[in-house]
Amino acid sequence: YRMAWEDKVREDVSKLTSELQIKSSMRTKKSLAMFMVAASFVGLCSCSNTNKDTNKLPKDAVSFLSTHYHENGISNVEETKNMMDYEVTLEDGTEIDFTNTGQWEVINTKGNDIPKSLLESLPEGITQYIQENYASEVIHKVEKKTFGRNNLIYRISFRKPNDIELNFTKDGEIISD
C-alpha cells in the first residue's frame, strides 16, 4: 500500500511540476512577446529620420529659407550620401535641394504654391513670361541646371493636368515652350 501511495505522490508531483513548467513557459512567452512588442514600438518611434537642425546647412541656404519660406517650418534636413548636398523638407511637404555652398537647385512644391518672393527673385524675363502666359497655372517644380561651364538654365514645371515644362536661359530668355 505504501508503494502505491509513493507512486501516486510521485505521479502527482510529476504532473504538478509539468503544469508549473507549462504555466511558467507560457508566462515567459507572454512576457517575451510583450517585451518584443514594446521594444518594436520604441524602436519605431526613435527611428524617425527627422532632423530639424539647420545648423549644418550652409549660410546661404538658411538665408534662402528665411527669406522665402519664413512662414513654413522645417520638417527635416538631410545631407545626401555624398555629403555634398542637402535636402530640406518643409512642413507643407515642399522639398528643396541645396548645393554644399547653399545655392538651391530644385524646389518641388508637392502641390503647394511657390512663394511670390521666390518667383520675383528669378530673372525678370522668367517672371514676366510666366505672368503673361501662364498666370493661372500652378508651378510644381523649379530647377536650376548647369550644363558645361557656365550654361545655366531654369526649368519651370506646372502641375497636372497640363504638364507644361518651360526652359529659360540664365538671363530669363525662353528656350522651349
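Note that these values count all heavy atoms, side chains included, but never hydrogens, waters or copies made by symmetry.
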Step by step, work out the side-chain contact (heavy atoms from CB on, under 4.5 Å) result for Asn133 and Leu166. CA-CA 11 Å; Asn133 298 290; Leu166 305 173; over 6 Å; no

Would Val88 and Ile74 count as a side-chain contact (heavy atoms from CB on, under 4.5 Å) if you check the C-alpha gap in whole Å, the side-chain angles of each, and the deciding distance to 0.1 Å? CA-CA 7 Å; Val88 175; Ile74 293 174; 4.1 Å; yes

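- Considering Tyr154, Tyr129, Phe168 as possible partners of Pro123, the one that fulfils the side chain to side chain contact (heavy atoms under 4.5 Å, CB included) test is Tyr154.
- In this structure, Asp171 contributes its side chain and Glu173 its backbone to no donor-acceptor pair below 3.5 Å.
- When Arg155, Glu143, Lys145 are each tested for a side chain to side chain donor-acceptor pair (under 3.5 Å) with Asn167, only one passes: Arg155.
- Under 3.5 Å, the side chains of His68 and Ser117 contain a donor-acceptor pair of N or O atoms.
- Each of Val142 and Val138 belongs to its own hydrophobic cluster when Ile, Leu, Val, Met, Phe, Trp and Tyr are linked at side-chain heavy-atom distances under 4.5 angstrom.
- Proximity of a side-chain donor or acceptor of Ser63 to a complementary backbone N or O of Lys59 within less than 3.5 Å is not detected.
- Rounded to the nearest 0.5 Å, atoms CD (Glu91) and CG (Asn72) are 6.5 Å apart.
- When hydrophobic clusters are built by joining Ile, Leu, Val, Met, Phe, Trp and Tyr residues whose side-chain heavy atoms come closer than 4.5 Å, directly or via intermediates, Val62 is not grouped with Val106.
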Tell me, with the steps shown, if Leu65 and Leu90 meet side-chain contact (heavy atoms from CB on, under 4.5 Å). CA-CA 10 Å; Leu65 291 168; Leu90 304 178; 4.2 Å; yes

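- Residues Leu122 and Thr127 share a closest heavy-atom pair of O-OG1, 3.8 Å.
- Within the model, atoms CG of Asn100 and OH of Tyr86 stand 7.0 Å from one another, a figure rounded to the nearest 0.5 Å.
- Residue Thr169 holds its OG1 atom at 9.5 Å from CD1 of Ile153, rounded to the nearest 0.5 Å.
- In this structure, CG on Asp97 lies 12.0 Å from NZ on Lys144, to the nearest 0.5 angstrom.
- For the pair Asp92 (side chain) and Asn112 (backbone), a donor-acceptor distance under 3.5 Å is absent.
- Taking CG of Leu118 as the reference point, atom OG1 of Thr109 lies at 10.5 Å (rounded to 0.5 Å).
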Test log, rule side-chain contact (heavy atoms from CB on, under 4.5 Å), inputs Ile96 and Tyr69: CA-CA 11 Å; Ile96 305 170; Tyr69 289 95; 3.6 Å; yes

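- Within the model, atoms CD1 of Ile130 and CD of Glu137 stand 10.5 Å from one another, a figure rounded to the nearest 0.5 Å.
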